[in-house]
Number of protein chains: 2
Amino acid sequence: MALAHAILAALVHQPRSGYDLTKYFERSIGFFWNASHQQIYRELAKLEAQNWIDSEAIAQASRPDKKLYHLTPLGHQHLTQWVAEPCEAVAMKDDLLVKVFVGSLVSTSVIEQELARHRQLHSEKLATYKTIQQEYFQAPRQLPEVDLFPYLTLRRGIRHEQEWIDWCDEALELLTKRSDDKPV
Amino acid sequence: MALAHAILAALVHQPRSGYDLTKYFERSIGFFWNASHQQIYRELAKLEAQNWIDSEAIAQASRPDKKLYHLTPLGHQHLTQWVAEPCEAVAMKDDLLVKVFVGSLVSTSVIEQELARHRQLHSEKLATYKTIQQEYFQAPRQLPEVDLFPYLTLRRGIRHEQEWIDWCDEALELLTKRSDDKPV
DNA sequence: TCGCCCATGTAATAAGTTACATGATTCG
DNA sequence: CGAATCATGTAACTTATTACATGGGCGA
């Protein structure tokens, strides 16, 4: 159900094609709910069958035709209802932490390298988010409500990536101190 | 594949039954990789078929018999290999953020209440983690390597919950300021 | 001319959730 | 006497991932 709602959410302010949605799920909403194009097309078919969205065929010259999907009043209603429902806190699910948990199985340097690599990945993501923040959200207190909510999700992304980086630093420091004590 | 490896990781230092594993996935490893008992039993059957684990029937008086699963040398080898492999950063996937993203569809107080509730959930989890930290990991720099790695995962849990709380506070502050400006 | 962008899908497999199913013991 | 704990599973269903499939236009 959750992907369905994420798609409806992506259609609230404008119609989009499957392709557009796929792109949108690589930025924006995709920062906290990702989906592949295969999933999206399948879900769009279901949503249309339920009449939560409808589609409009757009013929294009020098490009494949596309189907623009719109939220129907029914879809809008279901989405609104869902937003108002309480939800559970999601559990973390992270490969890297499982690996770190049994990190003693391999040489410490293997874990150190992996932590350094992830630190890099997260700082790149952080940089992306900060760029978006500077470009679109300069004065958060003056934002109209419609934009304030997406801003909050961006803030969560920024905090999340920062938290990752800080943890990697803490972990690397502890591991490095240790390998200094007992050199290989 | 990931659940399989999480189970192998849970069996590294001691054999466990399906039931034990289920409990273990409610604490410890479960803090960053959760699984239901149904999933666990299914996966155990697969792992045993592959000879990555083997089982020993334990007859018990006044309790149902149980099967204790041990990691085989083959399983140990596969786990070690997997730990040494690099992995991708996992994407966030969070219902609440989708809801916040389109929070303008509902009354601000609905979102505020939900944020307050989640703040509460996360501070409870944080308290749990901090208790574990105090009980088992008082002097991290003196920890033997085998315990240092689990300690690092606990630190991640603590930072993660703290980050959640901080974000909830930031979001609530911004929303509250706003609803003060324009009372309903 | 090679690869990327646009554009949409199907099929097979893997993973996860929900519901169903059983049954003894122990504690309040 | 009822609820929780111990203990193990099957079945149905929903979601997600990976691989396969097609094909024109456009820029380097």
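The sequence lines fix the lettering, A, B, ..., with proteins before strands; numbering per chain opens at 1.
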> Going by atom types only, do B/E161 and B/S123 share a side-chain donor-acceptor pair under 3.5 Å?
Replying inline: no
> Rounding to a whole Å, what distance do you find between B/L68:CG and D/dA7:P?
Replying inline: 10 Å
>> Does a side-chain N or O of A/K46 approach OP1 or OP2 of D/dT14 to a distance below 4.0 Å, or not?
In response: no
>> Categorize B/Q38 for me: base, sugar-phosphate, or nothing, with a 4.0 angstrom heavy-atom threshold over every strand shown.
In response: base
> In whole angstrom, what separates B/H37's NE2 from D/dA4's P?
Replying inline: 17 Å
> Among the nucleotides C/dT8, C/dG16, D/dA16, which one has an atom lying closest to any side-chain atom of A/K66?
Replying inline: C/dT8
> Between A/E26 (CD) and C/dC4 (C1'), how many Å, whole number?
Replying inline: 14 Å
> Do the charged groups of A/E163 and A/R159 touch, with an N to O distance under 4.0 Å?
Replying inline: no
> So, is A/Y41 near the phosphate of C/dG9, with a side-chain N or O under 4.0 Å from OP1 or OP2?
Replying inline: no
> How close or far is atom P of C/dT8 from atom CG of A/D65, stated in whole angstroms?
Replying inline: 9 Å
> To the nearest angstrom, how far is A/I58 atom CD1 from C/dC6 atom C1'?
Replying inline: 15 Å
> Less than 6.0 Å separating the ring centroids of A/F149 and B/F101?
Replying inline: no
> Nearest to the side chain of B/K23, which nucleotide is it out of D/dC6, C/dG9, C/dG16?
Replying inline: D/dC6
> Are the aromatic rings of B/Y129 and B/F31 close, with centres under 6.0 Å apart?
Replying inline: yes
> Using a cut-off of 4.0 Å on non-hydrogen atoms, how would the nucleic acid contact of B/T22 be classed: base, sugar-phosphate, or nothing?
Replying inline: nothing
> Can you tell me how far P of C/dC6 sits from CD1 of A/I40, to the nearest Å?
Replying inline: 14 Å
> From the list D/dC6, C/dG16, D/dT10, which nucleotide is the closest neighbour of the side chain of B/R42?
Replying inline: C/dG16
> Given atom CD of A/Q39 and atom P of C/dA11, what is their separation to the nearest angstrom?
Replying inline: 18 Å
> Would you call A/R156 and B/E170 a salt bridge, using N to O less than 4.0 angstrom?
Replying inline: no
> Given atom CD of A/E48 and atom C1' of C/dT8, what is their separation to the nearest angstrom?
Replying inline: 14 Å
> Is the phosphate of D/dC6, meaning OP1 or OP2, less than 4.0 Å from a side-chain N or O of B/Y19?
Replying inline: yes
> Which nucleotide sits closest to the side chain of B/S36: D/dA19, D/dT8, C/dT18?
Replying inline: C/dT18
>> With nearest nucleotide decided by heavy atoms, which residue, B/S17 or A/E43, maps closer to the 5′ end of DNA chain D?
In response: B/S17
> Among the nucleotides D/dA21, D/dG9, D/dT17, which one has an atom lying closest to any side-chain atom of B/K67?
Replying inline: D/dG9
